[in-house]
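Below is one structure, written out as structure tokens; comments come after it.
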Amino acid sequence: MKRLLNILVPALLLISCKESQFLKFDYYDGPVTEDQYWNLNSAARGQLNLGYTFLQDGYNRYNGAMLAAGSDEAVNSNLNSAVNIFNNGTWSSLRTLDDNYAINYNGIRQVNVFLANSHRANIVPLTDIPRLRGEAFFLRAFFHFELWKRYGGIIIADHVFTTTDNLDLPRNTSQETLNQILKDCDSASTTLPLSVTQYGAGDKGRATKAAALALKSRALLYAASPLNNPSGDITLWQKAAAVSKELMDTKAHSLLASYANIFNFTTAAYNSEVIFATAATLRNDIEINNAPISYNGALGLTNPTQELVDAYGMKNGLLITDPASGYNPADPYKDRDPRFALSVIYDGALFKGTAVSTAVDGKDGIGKSVNATKTGYYMRKFLSESASWNQTTNATVRRPWVIFRYGETLLNYAEAQNEAVGPDASVYDAINQVRKRAGIANLPEGLSKDQMRQRIRNERRVELAFEEHRFFDVRRWKTGETDLGKAITGMRIANTGTTNSYERFTVETRVFNERMYRYPIPQAEINNAPKLQQNPGY
């Protein structure tokens, strides 16, 4: 390096000052001091970018299992999977899963370091600094939210902690934590571009004002829900509805015309419906883990439950429990809500041009192998028919994990507005936009507030299936005992020649009790900081 500089310096002296200002080295010979680090454009930006690496995707992140299998959406075909900690009553501070405590605090630290030093960072151009700080505020709000929705009140980390600080701190209250999340969302909104269309091609995964509003919408919806709002304060629902409406009114995002293409990222990592997502990577592990077992040795791990299947109504918009719906138990998959076939692989459905057979003795059927479906179904959502695996030459597909999308925003608004004022025209309009895109009829007029509540909850269940909403929706609604603490069923299909017979059967019986509305704080964290105090019941 020194030899190179000895050659370059005399030559650089011959260049005019005007020209030489562009010839800056983003590296140094020897140890880099802190001041030198922040003088590097690439290092300063890299510090912020490091924060994005702590965003997690939901594709089989629990040793092959998805969070759906920890709720009534699915069963994991590996009955020894760690995801069953959520289902069998063995969840504890010494036996944790989805342990986001350290991950999110590490993410918070990275962006706090950036925020604390951005004033002296030599970022080029300097006019980018307000936007970059906005990204940091968004990420800090997001990481705090991920902790809050799991643990309740947590230690607010709004600055950089050092080794000399007293780290044995009590938790902030739930309300204080929420206030910090909302404050950071507002700070982000003031400096961020509205949508990803205002970024360059290489920056489409960055935070936007729309993303900050989407996070605020979700946080306020959770805050207004029974788990966090036991008194039923209507003003919290009003605030949640107002922020969702603010995001809708920006027109920054819209429903994609086809539900089938929301998660089709073959040609682009984002579409008009995606508000915020993780970085897109080339991968085929989603198919390896979830495709039916007869397809090139796939593992078929995520098996939708009959409870989820029953939640999908008919194409005419009626629930299958409605006598006028036309539902036929002897032909149960006919004329269903089109989102059903786009989310669930059932007996006779096509995958990669070949029919799946989950019937007794079928190539993908129950008991066919140790990995075969335990419910009679496989997950279809997220799977790409362009991906291939276990071949001489494999094909991967570029995909992110979608964290916020516009379909959720509409459903957030419908729920909050219904709780705030009842099923007015705007509630119908929001939920019917989602239904119309799906290809089903509008909701019937004249629903009561309670009836609309149930329809909105069901709409979230089918529209957002496998997207890590149901697990937390059931908790914030405080319906865990009835929705999760019960027998989970599947469908056993027997081919009798010309027709099939369908028999519902119990796959497993699950446990849910009061303590499971919150996560246990890992015991190691309590040991390090006893003032944290454990969540009740753990």
Side-chain angles (χ1 to χ4, degrees), residues 66-76 83-92 97-98 149-150 152 221-232 237 302-313 318-322 327 337 340 343-344 374-375 377 411-412 414-416 418-419 423 431 443 447-491 504-520 535-538:
M66 296 185 70
L67 192 58
S71 76
D72 57 351
E73 287 184 310
V75 171
N76 190 274
V83 77
N84 285 315
I85 291 172
F86 290 131
N87 306 320
N88 59 21
T90 63
W91 198 12
S92 75
L97 190 67
D98 191 39
K149 78 177 183 182
R150 290 172 168 84
L221 187 76
Y222 277 51
S225 299
L227 177 63
N228 299 303
N229 182 22
S231 67
W237 289 111
T302 306
N303 307 157
T305 63
Q306 189 61 44
E307 285 70 28
L308 175 62
V309 171
D310 289 346
Y312 290 91
L318 301 178
L319 299 174
I320 66 170
T321 53
D322 190 324
Y327 173 71
D337 178 337
F340 167 61
S343 303
V344 177
K374 300 301 184 288
T375 65
Y377 304 101
L411 294 174
N412 288 357
E415 181 179 351
N418 183 61
E419 297 297 337
I431 195 168
L443 287 177
L447 295 177
S448 68
K449 182 177 182 177
D450 289 344
Q451 289 172 328
M452 179 60 83
R453 178 186 300 121
Q454 295 308 313
R455 295 306 294 262
I456 291 170
R457 289 183 178 184
N458 194 76
E459 202 69 32
R460 287 183 70 90
R461 187 174 190 178
V462 298
E463 172 72 19
L464 305 174
F466 309 118
E467 297 176 46
E468 294 200 348
H469 287 278
R470 178 70 177 175
F471 183 96
F472 293 104
D473 279 347
V474 167
R475 284 171 166 77
R476 67 180 177 86
W477 294 328
K478 291 213 74 175
T479 60
E481 287 87 351
T482 55
D483 287 329
L484 302 182
K486 63 178 184 180
I488 294 296
T489 63
M491 186 65 74
R504 183 190 290 264
F505 70 100
T506 297
V507 178
E508 60 188 29
T509 299
R510 294 180 172 179
V511 175
F512 191 94
N513 50 51
E514 180 70 22
R515 68 174 184 160
M516 297 171 75
Y517 283 109
R518 297 290 189 196
Y519 279 40
N535 275 329
Y538 295 105

What distance do R455 atom CZ and M452 atom CE have between them, rounded to the nearest 0.5 Å?
8.5 Å
Flag the pair L318 / Y327 as yes when at least one side-chain heavy-atom distance between them is below 4.5 Å, and no otherwise.
no
Min side-chain heavy-atom separation R518-R475 under 4.5 Å:
no
From W477 CH2 over to F472 CZ, what is the distance, rounded to the nearest 0.5 angstrom?
13.5 Å
So, T305 side chain and D72 main chain: donor-acceptor pair closer than 3.5 Å or not?
yes
State, to 0.1 Å, how close I456 and L411 come at their nearest heavy-atom pair, and which atoms those are.
CG2-O, 4.3 Å
Compare every heavy atom of N76 with every heavy atom of A69, then report the nearest pair and how far apart it is.
CB-N, 3.7 Å
Once side-chain hydrogen bond (donor to acceptor under 3.5 Å, both in side chains) is applied, do any residues pair with N87, and if so which ones, sequence neighbours excluded?
N84
Set of salt bridge (Lys or Arg N to Asp or Glu O under 4.0 Å) partners for K149, sequence neighbours left out:
E146
When rounded to the nearest 0.5 angstrom, what distance separates CG in N303 from CD1 in I488?
12.5 Å
Once rounded to the nearest 0.5 Å, what's the spacing between atom CG of L443 and atom CD1 of I431?
4.5 Å
Kindly indicate whether the side chain of Y377, heavy atoms from C-beta on, has any atom under 4.5 Å from the side chain of Q306.
yes
N412 and R460, any side-chain heavy atoms less than 4.5 Å apart:
yes
Y312 meets the ring pair (Phe, Tyr, Trp, His ring centres under 6.0 Å) criterion, sequence neighbours left out, with F340
State plainly whether the residues R470 and E307 are in salt-bridge range, i.e. N to O under 4.0 Å.
no
Any residue meeting side-chain contact (heavy atoms from CB on, under 4.5 Å) with R515, in chain and number order, not counting sequence neighbours
N513, Y538
Which residues pass the salt bridge (Lys or Arg N to Asp or Glu O under 4.0 Å) test with E463, not counting sequence neighbours?
R339, R405, R437
Heavy-atom pair with the smallest gap, counting every atom of V83 and G70:
CG2-N, 3.8 Å
Would you say that N535 contacts P520 through its side chain, given a criterion of any heavy-atom pair below 4.5 Å between the two side chains?
no
Verdict with supporting geometry, Q454 and D450, side chain to side chain donor-acceptor pair (under 3.5 Å):
CA-CA 6 Å; Q454 295 308 313; D450 289 344; over 6 Å; no
Run the salt-bridge test on D483 and R461 with the 4.0 Å N-O cut-off and return the result as yes or no.
no
Residues in side-chain contact (heavy atoms from CB on, under 4.5 Å) contact with K478, at least two apart in sequence or another chain:
P226, L227, E514, Y517
Residues two or more places apart in sequence or in another chain: which of them pass salt bridge (Lys or Arg N to Asp or Glu O under 4.0 Å) with D322?
none
Looking at every heavy atom in both A68 and E73, which two are closest together, and how far apart are they?
CB-OE1, 3.3 Å
State the CD-OG distance between E419 and S225, to the nearest 0.5 angstrom.
8.0 Å
Under the rule for ring pair (Phe, Tyr, Trp, His ring centres under 6.0 Å), what residues qualify as partners of F466, not counting sequence neighbours?
none
Name all residues meeting the salt bridge (Lys or Arg N to Asp or Glu O under 4.0 Å) criterion together with R510; count only those two or more places apart in sequence or in a different chain, and write none if there are none.
E508
What pairs with N458 under side-chain hydrogen bond (donor to acceptor under 3.5 Å, both in side chains), at least two apart in sequence or on another chain?
none
Got K486 and F512 here, is their nearest side-chain heavy-atom distance under 4.5 Å?
no
Between V507 and G490 the two heavy atoms that sit nearest each other are CG2-N, 3.5 Å
Is any side-chain heavy atom of M491 closer than 4.5 Å to one of V309?
no
List the residues meeting ring pair (Phe, Tyr, Trp, His ring centres under 6.0 Å) with F471, not counting sequence neighbours, and say none if there are none.
F86
Do you know which two heavy atoms are closest between A487 and T506, and how far apart they sit?
CB-CG2, 3.9 Å
Approximate separation, where rounding is to 0.5 Å, of E468 CD and D98 CG
7.0 Å
Who pairs with T482 by side-chain contact (heavy atoms from CB on, under 4.5 Å), at least two apart in sequence or on another chain?
T479
